[in-house]
Amino acid sequence: MKWAFDILVVGAGPAGMAAAVTAAQSGQHVGLVDDNPAPGGQIWRSGAHLPVAARQWQSRLNASSVVRLQGWRVFDCPEPNLVRAERGGGSPFRNAAAGINESDWAELRCRALILATGARERFLPFPGWTLPNVMGAGGMDAMVRGGLPIAGKRVVVAGTGPLLLAVAAHLAARHAKIVSICEQAPLSRLARFAAYMVAEPAKLWQGARYRMSIPGFSYRTGCWPIAAHGSDRLQAVTLRQGAKQWDVDCDYLACGFHLVPNKELPELLGCRIADEFVTTDKLMQTSIPGVYCVGEPTGIGGVELSLLEGRIAALAASGSIDQAQDLARARRRKLGFVRALGQVCALDPQLRELPAQDTIVCRCEDVRHRSLREHTTWREAKLHTRCGMGPCQGRICGSAAEFLFGWRAESVRPPVFPVSVSSLVSESDGETETLTAASSSPQNFKETP
Ligand SMILES: Cc1cc2nc3c(=O)[nH]c(=O)nc-3n(C[C@H](O)[C@H](O)[C@H](O)COP(=O)(O)OP(=O)(O)OC[C@H]3O[C@@H](n4cnc5c(N)ncnc54)[C@H](O)[C@@H]3O)c2cc1C
């Protein structure tokens with residue numbers, strides 16, 4: 001199948017939703033592709049208990065002419081104005097659950113491309129991190145929103161970044177017992193961050209509200225889990241703070257070490273990257289003309305910044321440069337927070353000592369720390385051990401290996417997600433169709449459950 005749009009947005013989190021709605025309001029024919037069943041991205045994915053801003057953006061999207069391709073995943077960007085996407089995400093399990101026998105794939109053409117692919121959690125391996133009930137902090141939050149019963153369960157939340165407090169507050173609201181929040185950053189760095197946050201009173205107040213909403217927990221700084229214990233599931237974690245270490249009984253460990261930008265698609269296109277983030281001009285255009293990047297691939301700064309960047313890129317791509325420039329000034333004022341957050345979340349070098357020799361680093365391919373240590377580059381380790389060559393394609397172990405060994409992936413190649421062979425070999429013939437929101441259901445854009 002071949003479809004064409006004026007503007008194509010990849011990712012329907014806050015940044016992508018704002019971009020798609022704004023571009024459609026500017027009279028553009030807009031397509032919005034996202035691999036989740038519903039729009040909202042990391043924070044607004046669940047329909048229940050959504051904040052007012054989320055409901056407003058959802059209803060603007062529903063009322064717009066944006067063509068939504070929910071449940072479709074972009075796996076290749078061969079040219080700046082062409083992407084390839086597959087419905088069902090290539091997983092036989094997911095396809096079966098969605099009632100899809102054969103994956104659908106599509107070639108999507110556009111005049112301007114806006115990449116709003118968000119970020120994922122960084123996991124660091126330590127003994128026991130692959131036990132059932134040890135999860136990413138954001139991942140656990142998503143599972144609880146999806147129905148995981150948590151009432152009365154004892155949870156340790158650990159890692160780094162503001163997500164820890166947000167997740168703990170959400171779990172506490174669902175009657176989990178938060179035993180401890182362990183932040184790896186030292187108190188001195190957190191104090192500097194708090195001083196900076198005086199300039200961001202809304203965020204400071206939000207953090208304070210989160211803390212006040214969690215009953216009877218210990219908040220520890222310069223502290224992290226060094227081992228998780230249990231036979232068939234988690235029963236306890238060993239925590240370390242300075243020279244002290246002790247065991248804590250718990251049912252769940254929610255553990256994430258800040259976020260890693262999803263920048264595979266901009267990398268495929270050759271967009272310039274600096275300090276692990278995609279660089280853009282002030283109107284969010286990357287180093288490739290006609291390709292914009294918004295939200296967390298350009299810097300971790302929270303929902304409001306993502307929304308703002310989405311709107312700037314949409315206005316710029318639609319030719320409303322003056323309006324885009326007005327918003328760009330507001331964005332510039334928020335970039336200090338991005339820098340301050342990056343500094344406070346910088347990983348303590350001692351975390352490199354977390355894995356033991358037999359700790360699994362690549363869980364897809366069962367590759368242990370000892371077999372990686374003998375290599376000198378990511379490429380060499382991949383070729384000899386298959387590290388990073390499983391279904392997650394290095395999304396989890398790649399960022400861990402980068403921190404543990406200082407390796408960087410030398411290149412990104414398509415497909416950036418596992419896809420079915422039929423999608424890889426399909427050559428599209430036939431005419432490019434123009435879709436409208438009205439024609440985008442039910443057959444072509446059936447939402448996957
Ligand atoms: C539990 C939790 C609580 C949070 N609380 C707060 C808070 O209180 N305040 C705050 O400011 N921020 C908070 N955040 C952070 C906030 O979620 C992010 O700042 C925001 O979601 C970033 O928006 P985004 O659009 O850039 O990315 P995302 O929300 O990550 O959206 C990106 C979307 O793109 C999709 N995608 C990626 N690649 C592809 C592809 N190749 N093909 C198709 N689709 C793709 C993803 O699946 C996702 O749906 C929280 C995050 C979490 C997880």
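Atoms within a ligand are numbered from 1 in the order they appear, just like the ligands themselves. In this chain, residues are counted from 1 in sequence order. What you see is a predicted model; the values in this text were computed from it and never measured.
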Chemist: Within the structure, is a non-hydrogen atom of Phe75 found at a distance of less than 4.0 Å from ligand 1?
Modeler: no
Chemist: Do Lys334 and Glu304 sit within salt-bridge range, that is, some charged N less than 4.0 Å from a carboxylate O?
Modeler: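 Yes.
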Chemist: Cut-off 3.5 Å, side chains only: do Gln28 and Arg111 have a donor facing an acceptor?
Modeler: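 There is such a pair between these side chains.
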Chemist: Can you tell whether the side chains of Glu264 and Arg120 come within less than 4.0 Å, N to carboxylate O?
Modeler: yes
Chemist: Does Phe417 have Arg73 sitting over its ring (NZ/CZ under 6.0 Å from centre, angle to axis within 45°)?
Modeler: yes
Chemist: Does Asp35 reach ligand 1 with a nitrogen or oxygen that is under 3.5 Å from one of the ligand's nitrogen or oxygen atoms?
Modeler: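 For ligand 1, there is an N or O atom that lies under 3.5 Å from one belonging to Asp35.
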Chemist: Where's the contact between Tyr210 and ligand 1, heavy-atom distance under 4.0 Å: side chain, backbone, both or neither?
Modeler: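 Side chain only; the backbone of Tyr210 stays clear of ligand 1.
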Chemist: Can you tell which of Val303, Asp34, Val294, Leu32 gets a heavy atom nearest to atom 35 (C) of ligand 1?
Modeler: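 Of the listed residues, Asp34 has the closest heavy atom.
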Chemist: Under 4.0 Å from a heavy atom of Arg73: give me the atoms of ligand 1 that qualify, with their elements.
Modeler: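 Answer, ordered by atom number: 42 (N), 43 (C).
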Chemist: Are Arg363 and Trp129 in a cation-pi setup, meaning NZ or CZ lies under 6.0 angstrom from the ring centre and within 45 degrees of the ring axis?
Modeler: yes
Chemist: Around atom 27 (O) of ligand 1, find the nearest protein heavy atom and jot down its residue, atom name and distance.
Modeler: Gly118 CA, 3.2 Å
Chemist: Relative to ligand 1, is Thr117 under 4.0 angstrom through side chain, backbone, both or neither, heavy atoms considered?
Modeler: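 Both backbone and side chain of Thr117 come within 4.0 Å of ligand 1.
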Chemist: Could you check which of Val74, Leu259, Leu305 puts a non-hydrogen atom nearest to atom 41 (N) of ligand 1?
Modeler: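 Shortest heavy-atom distance from atom 41 (N) of ligand 1: Val74.
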Chemist: Does a side chain donor of either Thr160 or Gln184 reach within less than 3.5 Å of an acceptor in the other side chain?
Modeler: yes
Chemist: Under 3.5 Å, is there a donor-acceptor pair linking the side chains of Glu183 and Thr221?
Modeler: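 There is no such pair between these side chains.
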Chemist: Using a strict 4.0 Å cut-off to heavy atoms of Ala116, name the atoms of ligand 1 that fall inside it.
Modeler: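 In order of number, 32 (C), 33 (C), 34 (O).
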Chemist: So which protein heavy atom does atom 34 (O) of ligand 1 come closest to, and at what separation?
Modeler: Gly11 CA, 3.2 Å
Chemist: Enumerate the atoms of ligand 1 whose separation from the nearest heavy atom of Gly302 is less than 4.0 angstrom.
Modeler: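 What qualifies from ligand 1 is 11 (O), 12 (N), 19 (O).
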Chemist: Backbone or side chain, does any N or O of Trp72 fall under 3.5 Å from an N or O of ligand 1?
Modeler: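 Between Trp72 and ligand 1 (N or O atoms, distance only) the closest approach is not under 3.5 Å.
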Chemist: Could you tell me whether Pro14 approaches ligand 1 through its side chain, its backbone, both or neither, with non-hydrogen atoms closer than 4.0 Å?
Modeler: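 Answer for Pro14: both.
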Chemist: Looking only at non-hydrogen atoms, which of Glu296, Gln42, Gln206, Glu264 approaches atom 18 (C) of ligand 1 most closely?
Modeler: Glu296
Chemist: Just checking, is any N or O donor in the side chain of Ser218 or Ser180 under 3.5 Å from an acceptor N or O on the other one?
Modeler: yes
Chemist: Which of these, Val167, Leu163, Asp141, Ile43, has its nearest heavy atom closest to atom 53 (C) of ligand 1?
Modeler: Leu163
Chemist: Flag Ala166 as yes when one of its N or O atoms lies below 3.5 Å from any N or O atom of ligand 1, and as no otherwise.
Modeler: no
Chemist: Begin with the C-alpha distance, continue with both residues' side-chain angles, and end with the deciding distance and a verdict on ring pair (Phe, Tyr, Trp, His ring centres under 6.0 Å) for Trp3 and Trp72.
Modeler: CA-CA 13 Å; Trp3 298 313; Trp72 286 77; 5.7 Å; yes
Chemist: Measure Pro162 to ligand 1 on non-hydrogen atoms and call it side chain, backbone, both or neither using the 4.0 Å cut-off.
Modeler: neither
Chemist: List ligand 1 atoms under 4.0 Å from Gly295, heavy atoms only on the residue side.
Modeler: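 Result: 26 (O).
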Chemist: Is it the side chain, the backbone, both or neither of Phe417 that has a heavy atom closer than 4.0 Å to ligand 1?
Modeler: side chain
Chemist: Pull out every atom of ligand 1 sitting under 4.0 Å from any heavy atom of Gly13, numbered as shown with elements.
Modeler: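 Those of ligand 1 that fall under 4.0 Å from Gly13 are 25 (O), 29 (O), 31 (O), 33 (C).
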Chemist: List every atom of ligand 1 that sits less than 4.0 Å from any heavy atom of Leu265, numbering the atoms from 1 in the order shown and giving each element.
Modeler: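 Near Leu265, the atoms of ligand 1 are 41 (N).
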Chemist: Does Tyr219 have Arg211 sitting over its ring (NZ/CZ under 6.0 Å from centre, angle to axis within 45°)?
Modeler: yes
Chemist: Please say whether the positively charged group of Lys263, taken as NZ for Lys or CZ for Arg, lies over the ring of Phe277, i.e. under 6.0 angstrom from the six-membered ring centre and within 45 degrees of the axis.
Modeler: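 Not flagged: Lys263 not positioned over aromatic ring of Phe277.
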Chemist: Do we see a donor-acceptor contact under 3.5 Å between the side chains of Asp6 and His29?
Modeler: no
Chemist: Give the atom numbers and elements of ligand 1 that come within less than 4.0 Å of a heavy atom of Ala15.
Modeler: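 Listed by number with element: 25 (O), 26 (O).
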Chemist: Is a donor from one side chain sitting under 3.5 angstrom from an acceptor on the other, for Glu86 and Ser420?
Modeler: yes
